[in-house]
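Below you'll find the structure, written out as structure tokens, and then a few comments.
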Protein chains: 2
Amino acid sequence: IIDMKDIVKTYGKGESMIQVLDHATFTVQPGEFVAVLGPSGSGKSTLMNLLGLIDTYDSGEYFLDGVEMNQRTDKEYAAIRNRKIGFVFQKFNLIAKYTALQNVELPLLLKGERQRDARRKALEMLGRVGLSDRATHRPSQLSGGQQQRVAIARALVNDASLILADEPTGNLDQKTGHDVMQTLADLHGAGNTIVLITHDQYVAKHASRIVRVEDGKITPA
Amino acid sequence: IIDMKDIVKTYGKGESMIQVLDHATFTVQPGEFVAVLGPSGSGKSTLMNLLGLIDTYDSGEYFLDGVEMNQRTDKEYAAIRNRKIGFVFQKFNLIAKYTALQNVELPLLLKGERQRDARRKALEMLGRVGLSDRATHRPSQLSGGQQQRVAIARALVNDASLILADEPTGNLDQKTGHDVMQTLADLHGAGNTIVLITHDQYVAKHASRIVRVEDGKITPA
Ligand SMILES: Nc1ncnc2c1ncn2[C@@H]1O[C@H](COP(=O)(O)OP(=O)(O)OP(=O)(O)O)[C@@H](O)[C@H]1O
Ligand SMILES: Nc1ncnc2c1ncn2[C@@H]1O[C@H](COP(=O)(O)OP(=O)(O)OP(=O)(O)O)[C@@H](O)[C@H]1O
Ligand SMILES: [Mg+2]
Ligand SMILES: [Mg+2]
């Protein structure tokens, strides 16, 4: 489902240029659950942004579901992302003036679902992350871990075939983190593909495979 | 150094009122290192915001260094906070248009230190969290864990007698998290008082005492 070859990604120019990914290669088969580990600042979120079509690479190839992802318009990227990918961002990226429920419904409404169906599915997903009683709160009225769970619910609500999760349990206590991992395991069992960044060894154990990002390369851990 | 009695803190009104802290009591002696645990949404960050004078309580008493903290002006709170408290926020709260270095210098400049001394201390603190080579980056040019480390450096740079840290290692890999805990242990050894919220059992082990926030109360763990 993911076929990345020889990817180069840099930031900055000239003297201050940083090469984050240095001819990196990364392949994921449909239905896999891959954990991505690596030191702080090594390029994990950068990799996820490329996979999720949030950012573009300088050179190399990225095939998503067999289709080449380079040289498309922003509009095409957004459409593919919305159909195929559920993304949990490291910094949650919730919409501040929307409630938790509105945030979670949004991907479904963007896909053209009816308000009634979107609302029902969003409420169910909020229930699954233990936030039914916070549905009408805005992000500023939620704890750090509650915001993280809303971001998780939003990423999972449209049952996308590829789920990208960037540190989804960093702000959660043991029990809540366990519930989230259980939800991801259920989705994996149902056939979804999951790529998950984590610094937590317990979380990494849920994966079917572990890779490490370091010095610009992606290698088996 | 901290003497909190019978603290009540609520959000919202009427039907949607949430009582986060329900006649909570919390005492910290000078030089202690206290870890605060508890479920997501239980009130840990709310407690820290009250301790750090970022927010006000509805009723009860809070004595910081023997001085009552209720009914002061915002200006007084800011002055006390700047002199006495170093705060690592759960969401980092860095200033987006400042570089890492400028963010870390800021508490010293606010205290009236000369630019030259502030710069030197800020550079040293950035070095201690492993970010000397990122000093001129802005937050948007830093990884999640790097932003977290800048927030830590900023909280520690003025060697405040009370350090409040809200989940300081949530986005850090094992090694970097270990380095941060070592830095906090050094400060504790030098006589600083530390109150630290964490979901990480390994981090909690560094504390001299552990408390738990649950159902609006604070109890020994
Ligand atoms: N816009 C940018 N300009 C310059 N450098 C950047 C920019 N964005 C990220 N970087 C640098 O790229 C490197 C990789 O960042 P990335 O966010 O991918 O790391 P990460 O592995 O996710 O780290 P963490 O575990 O701390 O979240 C970091 O060293 C960071 O400083
Ligand atoms: N402005 C607000 N209005 C209404 N409710 C709020 C507001 N801010 C926080 N809350 C609620 O108060 C409760 C406590 O929040 P707090 O941020 O202190 O939790 P926490 O223990 O830090 O959680 P976490 O471990 O997830 O960071 C949460 O249930 C949250 O929904
Ligand atoms: Mg990251
Ligand atoms: Mg919190």
Side-chain angles (χ1 to χ4, degrees), chain A residues 11-12 15-16 18 20 36-49 89-92 94 129-131 133-137 139-150 166-180 197-202 204 212-214, chain B residues 11-12 15-16 18 20 36-49 89-92 94 129-131 133-137 139-150 166-180 197-202 204 212-214:
Chain A
Y11 291 115
E15 251 200 42
S16 71
I18 294 171
V20 179
V36 179
L37 273 57
S40 175
S42 57
K44 304 179 296 296
S45 297
T46 298
L47 169 66
M48 292 293 252
N49 290 343
F89 294 90
Q90 187 167 11
K91 301 197 76 180
F92 319 156
L94 299 177
V129 296
L131 289 177
D133 60 352
R134 291 286 186 274
T136 55
H137 283 226
S140 62
Q141 299 170 320
L142 296 172
S143 77
Q146 290 169 341
Q147 291 175 35
Q148 188 159 32
R149 283 183 274 161
V150 173
D166 196 341
E167 311 259 11
T169 61
N171 281 283
L172 303 179
D173 57 281
Q174 307 263 58
K175 166 166 191 327
T176 318
H178 173 82
D179 292 346
V180 163
I197 296 174
T198 185
H199 287 305
D200 189 328
Q201 309 286 352
Y202 157 82
R212 200 168 165 77
V213 179
E214 201 155 13
Chain B
Y11 291 116
E15 251 200 44
S16 70
I18 294 171
V20 179
V36 178
L37 273 57
S40 175
S42 57
K44 303 179 296 296
S45 296
T46 298
L47 169 66
M48 292 293 253
N49 290 342
F89 293 90
Q90 187 168 9
K91 300 196 78 181
F92 317 158
L94 298 176
V129 296
L131 288 176
D133 60 352
R134 290 286 185 275
T136 55
H137 284 227
S140 63
Q141 299 170 320
L142 295 171
S143 77
Q146 289 167 343
Q147 291 174 34
Q148 187 160 35
R149 281 182 275 161
V150 173
D166 196 341
E167 311 261 10
T169 62
N171 281 283
L172 303 178
D173 57 280
Q174 306 265 58
K175 168 168 189 323
T176 317
H178 173 81
D179 292 346
V180 162
I197 296 175
T198 185
H199 287 305
D200 190 328
Q201 308 286 352
Y202 157 81
R212 201 167 164 77
V213 178
E214 201 155 13

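In what follows, chains are A, B, ... by sequence order, proteins preceding strands, each numbered from 1.
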* To do: Heavy atoms only, distances under 4.5 angstrom: which of Thr169(A), Thr198(A), Leu172(A), Thr176(A) has the most pairs with chain B? Name it, please.
  => Leu172(A)
* Whether His199(B) side chain and Asn171(A) backbone form a donor-acceptor pair below 3.5 Å -> yes
* To do: Under 4.5 Å heavy-atom distance to chain B, tell me which part of Lys91(A) shows up: side chain, backbone, both or neither.
  => side chain
* Asked: What part of Leu142(B) gets closer than 4.5 Å to chain A, counting heavy atoms only: side chain, backbone, both or neither?
  -> neither
* To do: Could you list which of residues 41-48 of chain B have a heavy atom closer than 4.5 Å to any heavy atom of chain A, in residue-number order?
  => Gly41(B)
* Asked: Of the listed residues (Asp173(B), Asp200(B), Ile197(B)), which shares the most heavy-atom pairs with chain A below a 4.5 Å separation?
  -> Asp173(B)
* Structure fact -> Okay, Ser40(A) and chain B: the region with an atom under 4.5 Å from a heavy atom over there is both
* Check whether Gln201(B) gets within reach of chain A through its side chain, its backbone, both or neither, counting any heavy atom under 4.5 Å. => side chain
* Asked: For Gln141(A), is it the side chain, the backbone, both or neither that has a heavy atom under 4.5 Å from a heavy atom of chain B?
  -> neither
* **Per-residue contact mode, Glu167(A) against chain B (heavy atom under 4.5 angstrom)** => side chain
* Please look at Ile18(A) and chain B and tell me whether the side chain, the backbone, both or neither of the residue comes under 4.5 angstrom of a heavy atom of that chain. => side chain
